[in-house]
Structure formats: C-alpha cells, structure tokens
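Keep in mind that what you see is a predicted model, and the values were worked out from it rather than measured. As the structure lists them, so they are numbered: ligands from 1, and atoms in each ligand from 1.
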Amino acid sequence: MEKIIVTGALGQIGSELVGKLRSMYGEENVLATDIRKVSEQAGPFEILDVTDAQRMHDLAKDFNADTMIHMAALLSATAEKNPLFAWNLNMGGLMNALEVSRELNLQFFTPSSIGAFGPSTPKDNTPQDTLQRPTTMYGVNKVAGELLCDYYHTRFGLDTRGVRFPGLISYVTPPGGGTTDYAVDIYYKAITEGTYTSYIAEGTYMDMMYMPDALQAIIDLMEADGSKLIHRNAFNISAMSFEPSQIAAEIQKHIPHFTMNYDVDPMRQAIANSWPNAIDSSAAVKEWNFNAKFDLSSMTIDMLDKLMKKLNSKAIS
Ligand code: SER
C-alpha cells in the first residue's frame, strides 16, 4: 500500500482508519472520500457517491492510487428497514469499487461481517468455511460481496482481501444502524446516565472487537504475503464473545451504580438470533497471524477512560 483511496471515510471504521493509515503511510498518500464532507477535514478529501462509477474511477486515477479500501455501506438494521436501497448502495458500490480496482489494478479490501452467516450456520466455534444462508438483506449483500471478491481474484487476478468483522466498539465515531451497536451505546449511557436499556435480550451472544484491533487487522491482512493466503477474502476474525449482562457486569466493576434494563427490539433481536454466538478465527491466525490485543476487561477500561475524557464527565457515583 502506497497510495490509498478510502470510501466511506467518515463512517464508523473509515473515520479512524484514515487517521491510522495517514500516520503510517503519509497524510498526502491517503485520499479520504465520502458522500458528505465535514467542515474541518484534514488531509486529501473528495466527495464521492460510490454509486457513481465514473467519479470513483477518475478520483482513483487522478490520485494515482495503488490500493482501494472500500468501506461505504449500510449496516444491518438500516439495511433491513430499506432493503432495496441497501442492495443498490451495498452491491452497486462494491461492484463499482471492484471494477475500478480491476481497471486500475488496485489492491483491494472490503469488509464482510458476522452478518454473512444465518440461522442454519453452526452457532458455536463457527468454521471459516461453512453454511451461509443469511436471512437479512445485509447478510445477502455480504455473502454476494464475499463471492464477488473471490470471483475478481480468480477471474481477473485482482488482489482482493477481506475479513468478516464482528461488532466493532469504539469511542470515536458512533456506529449507525447496526445490530451490535448496543455494545457501544452502553458505554455512553453508563457514563452520562448511569443506566442503559438494552434492545438486545439477555443471553444473546455475539462476537465483538475493539476498534484498534480491527484497524490493525486490516493493515496486517493488506501487508501479508499474498502467496500465503488460502482464503484471501472473508476471514473470520473475533476478539471476544459476550451477551448484554456480561458487558454490564464488566462496566459495574468501574461504575458500581450502573444498572441495565431490557426493552427488546424485535427486529434487531431477530437479526442477532440469526448470527453466530462465537466464530472461529483460526484461519486468519494461521494465514496472516491475526492477533487481537483487547478482551472485554481491557476494552472496558480503555473505553470508559477515553469516553469520560471525551464527554468531559465523571462516572455517576
Ligand atoms: N456491526 C454490524 C451490524 O451490527 C455487523 O457487521 O450491522
């Protein structure tokens, strides 16, 4: 990676990834793009609607990019509310990004998700290669995306790479419209209100990861020796698996008066129920040394510390 174009650069992952890439590869070597612009944007930035293939091509070409990191997409709950729009954005954007990468011979990364699995997938220690019959539009997009990335590699020799991210937790950019987002919101509410109402039911396990590990995973996979990659796309990666009462108990160790109630949202609960409890990341470990540093305990300490500074607040005691 030397000249990198990032789509969805203002999103949950993109907004932190761009900063990390710029610190490693040089500010002028990372072109951030998104459908909107925020006022004080540092570094190279261009407006890009990923459904506009010509503009995507022109921006990548003019920037002399050698790498495309395609992040622009709707998350699971938003996609479920507007499936046709999700199809057009998630699949249209991905096809354009793959085509531009083929035309300009760019190394390519796009994330898949635990959402690429469905109710018939083995729920525990979910294998790298297994049944994938998702029941959400987001999942349909992710499976199709995984297959397209494999297709572009085998058919055109494009250097496509990707991971199946679990729920990502960060104190920087709030996620929008995901099913795993409760595990982000809970930290904000613990600090600002001392209580949280979970829309996910007690006992619902899902895979999760702290954002610094997710960003490092993208870079490690992109920098890995391609000849050692057997899967290339859609590597299972996870750092931890927990259910709501476990993250609440972890927060209570630091904010003893924190309480949690449940008001289950049927749509997001149905999505969560269709996903694995805990996936097996061993292929990623074996093929490119995937390694997550944060577990629930160390992530909680860091999240609360950083969020308290950000929100300029003390824990409610
Ligand atoms: N965090 C995502 C979501 O909940 C999963 O990929 O939609």
Side-chain angles (χ1 to χ4, degrees), residues 8 11-17 69-83 85-87 89-91 93-94 109-119 121 123 126 132 134-146 149 162-188 198-201 204-215 217-218 233-244 247 264-279 281 284 292 294 299 303:
Q12 186 197 9
I13 304 173
S15 55
E16 287 184 65
L17 180 65
I69 299 190
H70 177 59
M71 291 291 175
L74 291 190
L75 286 177
S76 57
T78 315
E80 217 42 44
K81 283 185 192 142
N82 199 341
F85 179 60
W87 176 269
L89 179 68
N90 292 0
M91 298 316 301
L94 177 61
F109 177 92
T110 201
S112 184
S113 158
I114 51 171
F117 297 119
T121 301
K123 280 214 169 296
T126 305
Q132 290 181 261
T135 47
T136 62
M137 176 50 89
Y138 180 71
V140 170
N141 295 165
K142 288 301 187 190
V143 174
E146 291 180 5
C149 290
V163 297
R164 293 185 185 122
F165 273 132
L168 297 181
I169 294 162
S170 154
Y171 58 88
V172 180
T173 306
T179 300
T180 55
D181 297 0
Y182 89 88
V184 181
D185 296 341
I186 192 171
Y187 287 108
Y188 280 84
S198 175
Y199 59 81
I200 293 293
T204 311
Y205 282 85
M206 286 185 277
D207 283 290
M208 303 279 176
M209 185 180 291
Y210 200 31
M211 189 63 85
D213 283 331
L215 302 181
I218 294 171
N233 292 293
F235 283 96
N236 281 3
I237 58 169
S238 175
M240 62 195 96
S241 165
F242 56 76
E243 53 90 21
I247 186 172
V264 173
D265 168 26
M267 188 187 79
R268 285 178 287 185
Q269 184 63 39
I271 295 175
N273 287 345
S274 77
W275 291 354
N277 296 332
I279 62 175
S281 311
F294 286 89
M299 175 179 77
M303 267 300 275

Nearest-neighbour protein heavy atom for atom 4 (O) of ligand 1, which is reported as residue plus atom name and distance: T179 N, 2.6 Å
Nearest protein heavy atom with distance in Å, relative to atom 1 (N) of ligand 1: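 Answer for atom 1 (N) of ligand 1: T180 OG1, 2.8 Å.
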Under the 3.5 angstrom rule, does the side chain of S281 hit a backbone N or O of S238 as a donor-acceptor pair? yes
Is a side-chain N or O of Q12 found less than 3.5 angstrom from the main chain of T173, in a donor-acceptor match? no
Measure across V264 and I200 and return the closest heavy-atom pair with its distance rounded to 0.1 Å.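 Of all heavy-atom pairs spanning V264 and I200, the closest is CG2-C, 4.3 Å.
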Which ligand 1 atoms are under 4.0 Å away from a heavy-atom of [X]?
| X | value |
| --- | --- |
| S76 | 3 (C), 4 (O), 7 (O) |
| S113 | 5 (C), 6 (O) |
| W275 | 3 (C), 4 (O), 5 (C), 7 (O) |
| L75 | 2 (C), 7 (O) |

Over 60° means perpendicular and under 30° means parallel, so classify the ring planes of F242 and Y182, tilted if in between.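 It falls in the perpendicular class, over 60°.
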For S76 and T136, which I'm curious about, is there any donor-acceptor pair between the side chains at under 3.5 Å? no
Does any N/O atom on D181 come nearer than 3.5 Å to any N/O atom on ligand 1?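 No; every N/O pair is 3.5 Å or more apart.
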With respect to F165, which candidate in I114, D207, I218 satisfies the side-chain contact (heavy atoms from CB on, under 4.5 Å) definition? I218
